[in-house]
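The structure presented is a predicted model; accordingly, all values stated were derived computationally and were not measured. Proteins come first, then strands; the chains are lettered A, B, ... in the order of their sequence lines, and each starts at number 1.
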Protein chains: 2
Amino acid sequence: MADLVYQQVITDLNKRIMANEFADKKLPDERSLSEQYQVSRSSIKRALNVLANQGLIFKKRGSGTFINPLYLKNQSSFKYEGTNLGITDSLNTEGAQPSIQLLDFQVIPASQELQQDLFLAPDEFVYEIKRLRLLDDQPFMIEVGYIPIKLVPELNRQVVSKSIFTYVQESLKSAVTKSFLSISADASTAEDQKLLGLKPTEPVGVMSGIFFLDDGTPFEVSNMRLHYKYMKYTTFVSTEQ
Amino acid sequence: MADLVYQQVITDLNKRIMANEFADKKLPDERSLSEQYQVSRSSIKRALNVLANQGLIFKKRGSGTFINPLYLKNQSSFKYEGTNLGITDSLNTEGAQPSIQLLDFQVIPASQELQQDLFLAPDEFVYEIKRLRLLDDQPFMIEVGYIPIKLVPELNRQVVSKSIFTYVQESLKSAVTKSFLSISADASTAEDQKLLGLKPTEPVGVMSGIFFLDDGTPFEVSNMRLHYKYMKYTTFVSTEQ
DNA sequence: AAGTGGTCTAGACCACTAC
DNA sequence: TAGTGGTCTAGACCACTTA
């Protein structure tokens with residue numbers, strides 16, 4: 001994983017930045033870094049691009065590369081965070097103990113919408129997995145997931161009570177690294193209120209996603225309803241290509 | 001803007017994909033594309049990487065590059081969309097007429113938090129701009145923005161009643177292309193209900209952002225409260241570096 | 001074994017900033 | 001004018017998939 005040249009540079013620069021080695025908020029120029037690390041300038045550029053896309057540094061043509069002082073400030077609280085790594089299972093627990101309560105688990109025919117999203121023929125089946133996620137025994141999210149049975153024919157209640165993605169990574173040797181995500185808000189339903197302990201006036205955050213395997217196969221459609229105090233999706237956005 | 005080689009390739013490939021030229025969902029291999037476009041393979045790779053980060057294609061080592069059939073499906077409705085271009089002013093209006101109603105406009109001392117986020121000294125001032133945004137005369141968003149006066153000393157009610165970012169781009173010759181965004185949900189306050197026409201049980205979507213100029217200068221802190229039916233932030237997420 | 005995408009290099013030249 | 005990041009090239013070699 002980290003034996004690639006540009007990834008080593010990323011890791012090391014990250015460390016140096018966090019250690020406040022560049023007190024003037026300015027990084028050495030690319031040609032010097034190329035010398036320092038004994039790698040080509042292209043590799044340095046690639047590493048710097050990754051850091052820039054994360055919002056950690058800004059590059060300014062003609063003057064240099066600068067650290068974003070706001071980057072550090074941005075680690076707030078004990079919330080459920082999507083962040084740029086925004087995958088369901090990447091929970092920012094910060095000490096709290098995450099757990100899963102399986103509410104329902106069955107196999108059903110794929111609806112028309114699921115057929116579209118998961119590339120299924122009309123007669124194919126999916127698992128419907130309804131789970132309640134908790135942090136320190138406090139419920140914060142209701143998650144309903146749909147997975148084609150043909151992708152993981154051997155799924156069972158045991159597996160499904162833990163992290164499915166971890167299981168997939170081990171059994172299929174294919175990680176879930178990409179997704180379409182949609183984030184919105186909604187009034188809470190009676191079920192939301194009951195399961196998440198909400199008052200009738202309190203809302204839920206809604207996150208829906210289609211998750212893909214490495215090779216582009218749509219793996220899961222997931223609809224999540226979160227206690228509003230636990231939903232906080234943070235991201236760094238850049239409009240450049 | 002679009003005279004760069006890799007951007008031309010992006011534009012053209014986009015066109016060809018949308019025109020369904022690759023009916024088998026497979027793109028030509030990189031070396032062939034390099035031939036076709038008469039550019040280096042590196043430039044092809046750069047273009048393909050951009051398209052892959054947008055979720056339009058998947059690359060699979062050893063077998064080829066494939067179009068994501070779900071990409072097209074994803075243009076839903078008349079909602080306010082953040083998307084990857086997620087800047088306040090990039091409104092997906094889809095025919096609806098956007099307008100702005102200025103609610104309040106004054107100059108105040110920067111709070112401690114604003115000093116941190118906008119890099120201000122304790123005695124510096126900011127504009128506080130409170131606006132109501134509408135689509136076809138239907139209010140959908142309350143926006144409170146804070147901008148250091150020193151960055152745009154000549155701001156006035158006239159300017160502020162339109163798009164500030166457009167104004168900045170013209171007057172400072174620096175675009176607002178990067179931001180930290182945080183998305184969450186909240187119960188509606190009495191003011192939300194009044195301004196956005198919400199019932200007491202209906203929630204708001206909350207988006208907060210720090211917007212940066214090209215050179216990394218924090219330009220604006222913005223807190224937005226949206227009618228929940230109009231907030232839908234969609235994005236493609238990839239965990240790879 | 002052949003084909004495909006991934007990594008990495010060395011170097012030329014351009015565009016912008018600062019002095 | 002010197003220094004900085006941006007673009008682009010040509011080519012070597014590696015890692016993985018498919019047959």
Side-chain angles (χ1 to χ4, degrees), chain A residues 1-11 13 22 24-53 56-68 172-175 177-178 213-217 238 240-241, chain B residues 1-11 13 22 24-53 56-68 172-175 177-178 213-217 238 240-241:
Chain A
M1 168 70 94
D3 54 345
L4 300 181
V5 167
Y6 75 92
Q7 286 179 344
Q8 288 174 358
V9 175
I10 291 172
T11 305
L13 278 179
F22 310 106
D24 56 352
K25 300 301 174 196
K26 186 169 193 218
L27 261 57
D29 69 276
E30 297 183 346
R31 288 161 180 88
S32 304
L33 287 172
S34 172
E35 269 288 314
Q36 275 182 39
Y37 286 102
Q38 283 295 299
V39 302
S40 72
R41 188 176 160 219
S42 313
S43 295
I44 296 294
K45 289 186 87 60
R46 179 157 189 185
L48 292 179
N49 277 332
V50 171
L51 295 175
N53 285 332
L56 183 54
I57 59 176
F58 284 96
K59 292 181 290 183
K60 184 88 174 82
R61 180 192 293 211
S63 44
T65 301
F66 303 87
I67 296 165
N68 180 356
L172 297 187
K173 289 192 304 183
S174 182
T177 54
K178 295 180 168 59
L213 298 178
D214 281 340
D215 65 358
T217 308
S238 170
E240 299 176 22
Q241 292 186 326
Chain B
M1 167 70 98
D3 54 343
L4 299 182
V5 166
Y6 75 92
Q7 285 178 344
Q8 288 174 357
V9 175
I10 291 173
T11 306
L13 278 178
F22 310 106
D24 56 351
K25 301 298 174 199
K26 186 170 194 220
L27 260 57
D29 71 276
E30 297 182 348
R31 287 162 180 88
S32 304
L33 287 172
S34 172
E35 270 288 314
Q36 275 182 39
Y37 286 102
Q38 285 293 300
V39 302
S40 73
R41 189 176 158 218
S42 312
S43 295
I44 296 294
K45 288 186 88 61
R46 179 157 188 184
L48 291 178
N49 277 332
V50 172
L51 295 175
N53 285 333
L56 183 54
I57 59 176
F58 284 95
K59 292 181 290 181
K60 184 88 174 82
R61 181 192 293 211
S63 46
T65 302
F66 302 88
I67 296 165
N68 181 356
L172 296 187
K173 290 191 306 182
S174 182
T177 54
K178 295 180 166 62
L213 299 178
D214 280 341
D215 65 358
T217 309
S238 171
E240 298 178 21
Q241 291 186 326

Problem set entry | First encountered from the 5' end of DNA chain C, between K26(B) and S43(A) | K26(B)
[X] side, atom [atom1]; [Y] side, atom [atom2] - distance, nearest 0.5 Å:
| X | Y | atom1 | atom2 | answer |
| --- | --- | --- | --- | --- |
| T65(A) | L33(A) | OG1 | CG | 8.0 Å |
| I44(B) | E30(B) | CD1 | CD | 8.0 Å |
| R41(A) | S32(A) | CZ | OG | 11.0 Å |

Check whether any side-chain heavy atom of [X] lies under 4.5 Å from a side-chain heavy atom of [Y], and answer yes or no.
| X | Y | result |
| --- | --- | --- |
| L13(A) | L51(A) | yes |
| Y37(A) | Q8(A) | no |
| F22(B) | P28(B) | yes |
| L56(B) | N68(B) | no |
| D214(A) | T177(A) | yes |

Exercise. When you measure from the side chain of K45(B), which nucleotide among dT9(C), dG5(D), dG6(C) comes out closest?
Worked result: dG6(C)
Problem set entry | Out of dA12(D), dC8(C), dG6(D), whichever nucleotide has its closest atom nearest the side chain of S40(A) | dC8(C)
Please report, rounded to the nearest Å, how far the [atom2] atom of [N] is from the [atom1] atom of [X].
| X | N | atom1 | atom2 | answer |
| --- | --- | --- | --- | --- |
| E35(A) | dG11(C) | CD | P | 12 Å |
| D215(B) | dT4(D) | CG | C1' | 15 Å |
| I44(B) | dT4(C) | CD1 | P | 14 Å |
| D214(A) | dT4(C) | CG | C1' | 16 Å |
| R41(A) | dC8(D) | CZ | C1' | 12 Å |
| L4(B) | dT9(D) | CG | C1' | 15 Å |
| E30(A) | dA15(C) | CD | C1' | 14 Å |
| N49(A) | dC8(D) | CG | P | 14 Å |

For this session: Using a 4.0 Å heavy-atom cut-off, write out nucleotides 14-19 of chain D from 5' to 3' as B (base contacted by protein), S (sugar-phosphate only) or - (no contact).
Result: -BBB--
Problem set entry | Bend angle of the helix from dA1(C)-dT18(D) to dA18(C)-dT1(D), from helix axes over five pairs at each end, nearest 10° | 10°
[X] vs [N]: side-chain N/O to OP1/OP2 distance below 4.0 Å:
| X | N | answer |
| --- | --- | --- |
| Y6(B) | dT7(D) | yes |
| R46(A) | dT7(C) | yes |
| S42(A) | dA10(C) | no |

Problem set entry | Full working for side chain to side chain contact (heavy atoms under 4.5 Å, CB included) between K59(B) and L48(B) | CA-CA 8 Å; K59(B) 292 181 290 181; L48(B) 291 178; 4.3 Å; yes
